[in-house]
S.K.: 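Dropping a structure here in structure tokens format, bear with me for questions.
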Amino acid sequence: MLSSDFLMDLARRIQEGVKLTEQELLRRASAPGGEGDAAGFSPNEAISGRSADRDLAGNFAAAIAKLLDEGDVSEVELAEKLGCLVEDVHALRRRSPSLPSRELLSVLALKLALTPEQAKDLFLAAGYEFSKCEVSDIVLLYCLEQGVFDIDEVNDALTCFNLKRLSPQAAVVELDRRAWVTFH
């Protein structure tokens with residue numbers, strides 16, 4: 001169970017993210033021609049959107065291979081942690097026609113006990129970036145930073161801020177689907 005100090009510090013981190021968004025909106029609104037910029041500004045634009053990189057599937061496969069090759073977890077151990085088949089994890093190393101969801105990436109980051117920097121690299125390889133103002137991104141990065149890798153505890157933190165919980169089962173279904181497409 002997460003401590004109240006942990007949750008209060010996380011709430012402060014989230015509040016900082018909201019303030020950054022407000023400041024950016026105000027900056028854009030006060031810039032020359034700013035009304036149009038502020039009205040069209042999405043706090044997540046170019047932060048949590050998809051990258052324009054043409055070979056994201058290759059980038060993601062290479063990033064997973066690197067994490068598994070250089071990390072402390074083998075494909076077999078990761079499959080056990082995820083509750084899936086080794087073939088499902090093996091398929092992550094191969095170029096796939098579809099890119100992983102943010103939820104699968106989040107589950108992988110937790111199961112692989114990644115640092116925030118490693119998680120950012122993994123998300124970027126799949127075409128996503130973390131947002132400084134997206135509350136779910138702040139929660140995930142804070143948990144990784146604090147060494148909280150248990151999905152139930154991360155889900156407790158997400159629930160405290162009325163956010164969608166991570167589903168390891170949904171991640172396994174996605175992995176299984178990816179493996180089927182990759183090998184058939």
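Since we're looking at a predicted model, the values are computed, not measured.
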S.K.: Hey, are the side chains of Leu140 and Leu144 touching, using non-hydrogen atoms and a 4.5 Å cut-off?
M.R.: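 Yes, close enough: below the 4.5 Å cut-off.
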S.K.: Using a 4.5 Å cut-off between side-chain heavy atoms of Ile, Leu, Val, Met, Phe, Trp and Tyr, which other residues end up in the same hydrophobic cluster as Val86?
M.R.: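 Hydrophobic cluster check, Val86: joined to Val76.
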S.K.: If we only count heavy atoms from C-beta on, is the Asp121 to Leu67 side-chain gap below 4.5 Å?
M.R.: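 No. Closest side-chain heavy atoms not under 4.5 Å.
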S.K.: Report the distance from atom CG of Leu7 to atom CZ of Arg12, rounding to the nearest 0.5 Å.
M.R.: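 With rounding to 0.5 Å, CG (Leu7) is 10.5 Å from CZ (Arg12).
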S.K.: Going through the checks in order, is the side chain to side chain contact (heavy atoms under 4.5 Å, CB included) test met by Met8 and Asp5?
M.R.: CA-CA 5 Å; Met8 289 300 293; Asp5 288 341; 5.6 Å; no
S.K.: Atom CD1 of Ile64 and atom CG of Asn59: how far apart are they, to the nearest 0.5 Å?
M.R.: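 Ile64 atom CD1 to Asn59 atom CG measures 12.5 Å (nearest 0.5 Å).
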S.K.: Looking only at non-hydrogen atoms, find the nearest pair between Cys133 and Gly17 and report the distance.
M.R.: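 The answer is CB-O, 3.5 Å.
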S.K.: Can you tell if the side chain of Leu10 reaches within under 4.5 Å of the side chain of Ile138, non-hydrogen atoms only?
M.R.: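 In short, these two side chains touch, coming nearer than 4.5 Å.
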S.K.: How far does CG of Asp137 sit from CG of Leu141, to the nearest 0.5 angstrom?
M.R.: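 Answer for the CG-CG pair, Asp137 versus Leu141, is 6.5 Å.
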S.K.: Got a sec: does the CG of Asp69 have more than 12 other heavy atoms crowding it under 6.0 Å?
M.R.: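 Enclosed.
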S.K.: Enumerate the side-chain hydrogen bond (donor to acceptor under 3.5 Å, both in side chains) contacts for residues 110-120, please, sequence neighbours excluded, ordered by first and then second residue.
M.R.: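 Listed once each, the pairs are Thr115-Gln118.
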S.K.: Any side-chain heavy-atom pair from Phe6 and Val148 closer than 4.5 angstrom?
M.R.: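 The answer is yes, as the side chains (C-beta and beyond) meet within the 4.5 Å cut-off.
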S.K.: Provide the closest heavy-atom pair for Phe123 versus Arg102 in the form atom of the first, atom of the second, distance.
M.R.: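 Distance-wise, the nearest heavy atoms are CZ-O, 3.9 Å.
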S.K.: Specify the closest pair of heavy atoms between Val139 and Ala157, including all atoms of both residues, with the distance to one decimal.
M.R.: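 Residues Val139 and Ala157, closest heavy atoms: CG1-CB, 3.9 Å.
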S.K.: Less than 4.5 Å apart, side chain to side chain, heavy atoms only: is that true for Val89 and Cys84?
M.R.: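 Result yes, sub-4.5 Å side-chain heavy-atom pair found.
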S.K.: Which residues pass the salt bridge (Lys or Arg N to Asp or Glu O under 4.0 Å) test with Glu80, sequence neighbours left out?
M.R.: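 Result, salt bridge (Lys or Arg N to Asp or Glu O under 4.0 Å) vs Glu80: none returned.
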S.K.: Checking Glu145 against Arg13 for the side chain to side chain contact (heavy atoms under 4.5 Å, CB included) test, could you report, in this order, the C-alpha distance in whole Å, the side-chain angles of both residues, the deciding distance, and whether it holds?
M.R.: CA-CA 12 Å; Glu145 179 184 302; Arg13 193 73 64 92; 3.0 Å; yes
S.K.: As an exercise, state the distance from CG of Leu78 to CG of Leu108, rounded to the nearest 0.5 Å.
M.R.: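 Spacing of CG (Leu78) from CG (Leu108) equals 6.5 Å.
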S.K.: Can you tell me which residue pairs pass the salt bridge (Lys or Arg N to Asp or Glu O under 4.0 Å) test with a partner in residues 148-172, sequence neighbours excluded?
M.R.: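 The answer is Glu103-Lys164.
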S.K.: Could you state the interatomic distance from CG (Leu105) to CD (Glu174), rounded to the nearest 0.5 Å?
M.R.: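 If we round to the nearest 0.5 Å, Leu105:CG and Glu174:CD are 8.0 Å apart.
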S.K.: Would you call Glu24 and Arg28 a salt bridge, taking side-chain N to carboxylate O under 4.0 Å as the test?
M.R.: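 Yes, Glu24 and Arg28 are salt-bridged.
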S.K.: Among Leu112, Leu175, Asp88, find the one that has a side chain to side chain contact (heavy atoms under 4.5 Å, CB included) with Leu82.
M.R.: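 Passing option: Leu175.
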S.K.: Going only through I, L, V, M, F, W and Y residues with side-chain contacts under 4.5 Å, is there a path from Leu104 to Leu85?
M.R.: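 No, Leu104 and Leu85 fall in different hydrophobic clusters.
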S.K.: Between the main-chain N or O of Cys143 and the side-chain N or O of Gln146, is there a donor-acceptor pair closer than 3.5 Å?
M.R.: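 Checking the backbone N and O of Cys143 against the side chain of Gln146, no donor-acceptor pair under 3.5 Å is found.
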S.K.: Just verifying a value: how many Å separate Ser136 OG and Leu158 CG, rounded to the nearest 0.5 Å?
M.R.: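 One gets 7.0 Å once the value is rounded to the nearest 0.5 Å.
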S.K.: Not counting sequence neighbours, which residues clear side chain to side chain donor-acceptor pair (under 3.5 Å) with Asp9? List them please.
M.R.: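 Per chain and number, Asp9 pairs via side chain to side chain donor-acceptor pair (under 3.5 Å) with Tyr142.
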S.K.: So, using ring pair (Phe, Tyr, Trp, His ring centres under 6.0 Å) as the criterion, who are the partners of Phe60 when residues are at least two apart?
M.R.: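 Scan of Phe60 (ring pair (Phe, Tyr, Trp, His ring centres under 6.0 Å), adjacent residues dropped) gives none.
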S.K.: Using 4.0 Å as the upper bound for N to carboxylate O, is an ion pair formed by Glu22 and Arg27?
M.R.: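 Salt bridge absent between Arg27 and Glu22.
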